[in-house]
Amino acid sequence: MTKVAIIGAGPCGLSILRSFEQAEKKGEKIPEIVCFDKQEDWGGLWNYSWRTGSDQYGDSVPNSMYRYLWSNGPKECLEFADYSFDEHFGKPIPSFPPREVLYDYILGRVKKGNSKNKVKFSTTVTNVVYNGSNFEVTYRDKKNATSSTDIFDYVVVANGHFSVPFIPEYPGMKAFPGRIMHSHDFRDAEEFRDKNVVVLGSSYSAEDVALQCHKYGAKSVTIAYRHNPMGFKWPKGMKEVFHLDRLEGNKAIFKDGHVQETDAVILCTGYLHHFPFLSEDLKLKTGNRLYPPKLYKGVVWQNNHKLIYLGMQDQFHTFNMFDCQAWFARDVIMGKIKVPDSSVIKKDINKWVSMEEKLENADQMIDFQTEYTKELYTLSDYPKIDFELIRKIFKEWEHHKVENIMTYRNKSFSSPVTGSVGPKHHTDWETAMDDSLKTFLDQPKR
Ligand SMILES: Cc1cc2nc3c(=O)[nH]c(=O)nc-3n(C[C@H](O)[C@H](O)[C@H](O)COP(=O)(O)OP(=O)(O)OC[C@H]3O[C@@H](n4cnc5c(N)ncnc54)[C@H](O)[C@@H]3O)c2cc1C
Ligand SMILES: NC(=O)c1ccc[n+]([C@@H]2O[C@H](COP(=O)([O-])OP(=O)(O)OC[C@H]3O[C@@H](n4cnc5c(N)ncnc54)[C@H](OP(=O)(O)O)[C@@H]3O)[C@@H](O)[C@H]2O)c1
């Protein structure tokens with residue numbers, strides 16, 4: 001029997017577990033599957049942890065999410081085609097839920113099946129080599145402090161790429177008297193109440209960490225971009241300046257002449273694609289981009305078609321794109337989709353990479369990733385979902401952010417799966433301090 005190793009039980013790992021389960025339900029004979037996750041439970045980044053640094057076994061902590069994190073995109077854009085929000089919650093819910101609500105939703109789908117007994121938890125994959133005919137996968141059971149090696153025909157790499165921080169150094173950091181941290185270790189904006197905070201970066205973490213600090217009472221928040229400013233209309237107490245030059249004592253000095261006294265510097269400088277467990281010939285080497293090279297259909301490793309990567313793209317689309325990738329990968333593994341010869345693969349990869357390199361703005365990027373996801377969608381039996389509506393919602397969302405960065409999370413959209421419209425949340429995001437599932441779902445009667 002074919003044996004498949006899945007590394008990671010975050011959203012991508014869960015997508016492929018679900019895809020095999022659905023095939024089995026249809027009466028198909030599925031491979032033997034073992035999924036490994038270094039955490040004690042599944043859900044990946046969505047499984048919040050207070051820990052930073054390393055865990056009780058000395059293993060690095062993958063979690064990067066923080067308290068009070070709300071979805072930064074409309075939930076309608078990430079809805080599963082085979083498990084709607086209405087089905088999970090029994091009613092329509094607002095469009096921008098907090099982390100705990102999305103975590104509950106992701107798990108709701110897999111809890112209905114028997115995938116959990118396929119996952120080895122607290123187990124870190126430490127080494128993967130291809131011996132010419134199959135993979136030797138070595139993993140460490142952290143609780144029992146034992147290491148084992150098993151043989152697999154296929155390996156699915158689903159370990160995420162927002163867990164290992166990229167940490168640059170700027171002059172003056174060594175002598176800075178305050179706190180310097182990466183957004184990977186950010187857990188609670190309350191820590192920065194009444195403080196002057198400098199945030200480095202100009203992408204989603206910079207935007208949201210800065211907004212969090214402002215929302216929870218920072219005295220001032222100064223965001224420093226390196227190339228392009230985000231350019232939103234920031235509320236009073238927040239500003240965006242050009243590139244940090246150096247720190248001098250507790251002063252941050254920027255390249256546009258700005259000087260800001262600061263208590264803390266938060267590096268929202270992104271993450272590394274990091275695969276310490278893969279041998280060099282199997283390792284994807286890429287930055288955070290919409291079409292990492294060497295992946296056929298964004299999924300199958302060009303040099304070894306038995307190695308699959310899921311979710312390695314920079315992400316507008318998330319959960320339903322992961323599903324489309326997983327359904328495609330499942331069919332490759334089960335022999336229902338034939339991988340073409342190397343010249344066709346090369347041409348296909350080059351086509352996507354060169355299209356990606358021409359993209360100039362967010363709308364074009366949304367179009368690109370929607371086209372990519374739609375192509376995968378047509379190649380498998382992933383259930384019906386309206387990607388044209390998702391494309392439209394993403395573009396409206398982008399424009400809502402430009403209109404007002406403080407209110408875009410109060411908007412509502414309709415579901416690409418059921419058509420139902422998300423009700424307006426009882427509290428605007430700016431004043432909603434309690435992010436618990438209970439408070440979010442308790443919509444007072446109007
Ligand atoms: C701060 C932050 C906020 C985000 N907010 C949103 C949002 O609002 N909406 C959205 O759609 N997306 C959001 N994302 C994007 C997020 O990456 C995806 O939603 C999703 O979590 C990606 O799933 P994944 O399975 O690829 O990776 P992860 O969620 O990272 O899961 C990977 C899993 O692999 C395991 N693992 C890693 N290495 C090993 C190993 N060697 N052995 C065994 N197991 C291993 C980890 O324990 C983890 O459980 C956010 C990301 C970050 C960093
Ligand atoms: N739900 C939420 O609200 C939420 C919150 C946070 C994050 N997220 C998600 O988390 C994921 C990761 O986002 P991310 O922002 O951490 O990573 P990212 O999108 O990869 O962005 C990395 C940022 O770091 C900057 N940077 C890199 N090196 C730098 C340096 N030496 N000095 C200054 N800036 C530097 C980059 O700037 P340049 O452009 O200049 O290279 C870029 O702005 C995304 O999927 C996002 O959606 C979601």
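Each ligand, and each atom within it, is numbered from 1 in the order the structure gives. What you see is a predicted model; the values in this text were computed from it and never measured. Here, residue 1 is the first one in the sequence, and each next residue gets the next number.
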Heavy-atom distances under 4.0 Å decide this one: backbone, side chain, both or neither, for Tyr170 against ligand 2? side chain
Say whether Tyr225 and ligand 2 are in contact under the criterion: heavy-atom distance to a ligand atom below 4.0 Å. no
Side-chain donor or acceptor of Arg140 paired with backbone N/O of Lys142 under 3.5 Å: no
With a 4.0 Å cut-off on heavy atoms, does Cys268 reach ligand 2? yes
Answer yes if the side chains of Asn320 and Tyr382 hold a donor-acceptor pair under 3.5 Å, and no otherwise. no
Short N or O distance, Ser183 and ligand 2, threshold 3.5 Å exclusive: no
Enumerate the atoms of ligand 2 whose separation from the nearest heavy atom of Tyr271 is less than 4.0 angstrom. 16 (O)
Write out the residue and atom name of the closest protein heavy atom to atom 36 (C) of ligand 2, then the distance separating them to 0.1 Å. Arg226 NH2, 4.2 Å
For atom 17 (O) of ligand 2, what's the nearest protein heavy atom and its distance? Gly270 CA, 3.6 Å
Geometric class of the Tyr105/Phe89 ring pair [parallel <30°, tilted 30-60°, perpendicular >60°]: parallel
Show me which atoms of ligand 2 lie under 4.0 Å from any heavy atom of Phe166. 28 (N)
Are Lys401 and Glu207 close enough, and set up right, to give a salt bridge (charged side-chain N to carboxylate O under 4.0 Å, His left out), and what steps lead you there? CA-CA 11 Å; Lys401 288 179 70 175; Glu207 171 196 318; 3.0 Å; yes
Heavy-atom contacts with Asn288 under 4.0 Å: which atoms of ligand 2 show up? List them by number with element. 18 (P), 19 (O), 20 (O)
Enclosure of Lys392 NZ (heavy-atom neighbours >12, cutoff 6.0 Å): no
Minimal non-hydrogen separation, Lys297 against Phe328, with atom names: CG-CZ, 3.6 Å
One residue to check: Phe96. Relative to ligand 2, which of side chain, backbone, both or neither has a non-hydrogen atom less than 4.0 Å away? neither
Minimum side-chain heavy-atom gap Phe135-Tyr130 below 4.5 Å: yes
Using the salt bridge (charged side-chain N to carboxylate O under 4.0 Å, His left out) rule, take Asp367 and Arg391 through it: C-alpha gap first, then chi angles, then the decisive distance, then the call. CA-CA 7 Å; Asp367 281 333; Arg391 184 203 301 265; 2.8 Å; yes
Taking both backbone and side-chain atoms of His227, is any N or O found less than 3.5 Å from an N or O belonging to ligand 2? yes
Starting from atom 35 (C) of ligand 2, locate the nearest protein heavy atom and write down its residue, its atom name and how far away it is, to 0.1 Å. Thr269 CG2, 3.5 Å
With nothing but distance in play, are any N or O atoms of Tyr66 less than 3.5 Å from an N or O of ligand 2? no
Charged N to carboxylate O under 4.0 angstrom, Arg289 versus Asp314? no
Looking at Asp82 and Arg18, is there a salt bridge between them, counting it only when a charged N and a carboxylate O are closer than 4.0 Å? yes
Quick check: does Ser205 get an N/O under 3.5 Å from an N/O on ligand 2? yes
With heavy atoms under 4.0 Å as the rule, classify the contact between Arg409 and ligand 2 as side chain, backbone, both or neither. side chain
Please answer whether the main-chain N or O of Glu388 pairs with a side-chain N or O of Asp386 as donor and acceptor at a distance below 3.5 Å. yes
I'd like to check which ligand 2 atoms, numbered from 1 as shown, lie under 4.0 Å from a non-hydrogen atom of Leu69. 1 (N)
Neighbour count above 12 (heavy atom, 6.0 Å) for Lys294 NZ: no
Donor + acceptor pair across side chains of Asn196, Glu261 (<3.5 Å): no
Anything with a heavy atom under 4.0 Å from ligand 1 counts, so go ahead and list those protein residues by chain and number. Ile7, Gly8, Gly10, Pro11, Cys12, Phe36, Asp37, Lys38, Gln39, Gly44, Leu45, Trp46, Pro62, Ser64, Met65, Leu69, Ser71, Asn72, Leu78, Thr123, Thr124, Val125, Ala158, Asn159, Gly160, Phe162, Phe277, Gln315, Thr318, Phe319, Phe322
Which residue holds the protein heavy atom closest to atom 9 (C) of ligand 2, what is that atom called, and what is the gap in Å? Tyr204 CB, 4.3 Å
Tell me the contacting part of Asn72 for ligand 2: side chain, backbone, both, or neither, using a 4.0 Å heavy-atom threshold, strictly below. both
Step by step, work out the salt bridge (charged side-chain N to carboxylate O under 4.0 Å, His left out) result for Asp208 and Lys215. CA-CA 10 Å; Asp208 199 54; Lys215 180 173 165 180; over 6 Å; no
Please determine whether the number of non-hydrogen atoms from other residues, nucleotides or ligands lying under 6.0 Å from atom NZ of Lys239 exceeds 12. yes
Is there a salt bridge (charged side-chain N to carboxylate O under 4.0 Å, His left out) between Glu280 and Lys283 once you walk through the steps? CA-CA 5 Å; Glu280 284 306 314; Lys283 224 176 246 185; 2.9 Å; yes
Minimum distance, heavy atoms only, to atom 31 (N) of ligand 2: which one of Pro168, Pro165, Ser71 is it? Pro168
Answer yes when Lys116 and Asp41 have at least one side-chain N-carboxylate O distance shorter than 4.0 Å, and no when they do not. yes
Regarding Asp55 and Gln39, do their side chains bring together a donor and an acceptor under 3.5 Å, going by distance alone? no
Any atom of ligand 2 sitting under 4.0 Å from a heavy atom of His182? no
Checking heavy atoms under 4.0 Å, the part of Asn228 that sits near ligand 2 is neither
What protein heavy atom sits nearest atom 21 (O) of ligand 2, and how far away is it? Ser203 CB, 3.1 Å
Contact region, Trp70 to ligand 2, non-hydrogen atoms below 4.0 Å, reads backbone
Checking heavy atoms under 4.0 Å, the part of Phe162 that sits near ligand 2 is side chain
When distances are taken from atom 39 (O) of ligand 2, the protein heavy atom at minimum range is Ser202 OG, 3.9 Å
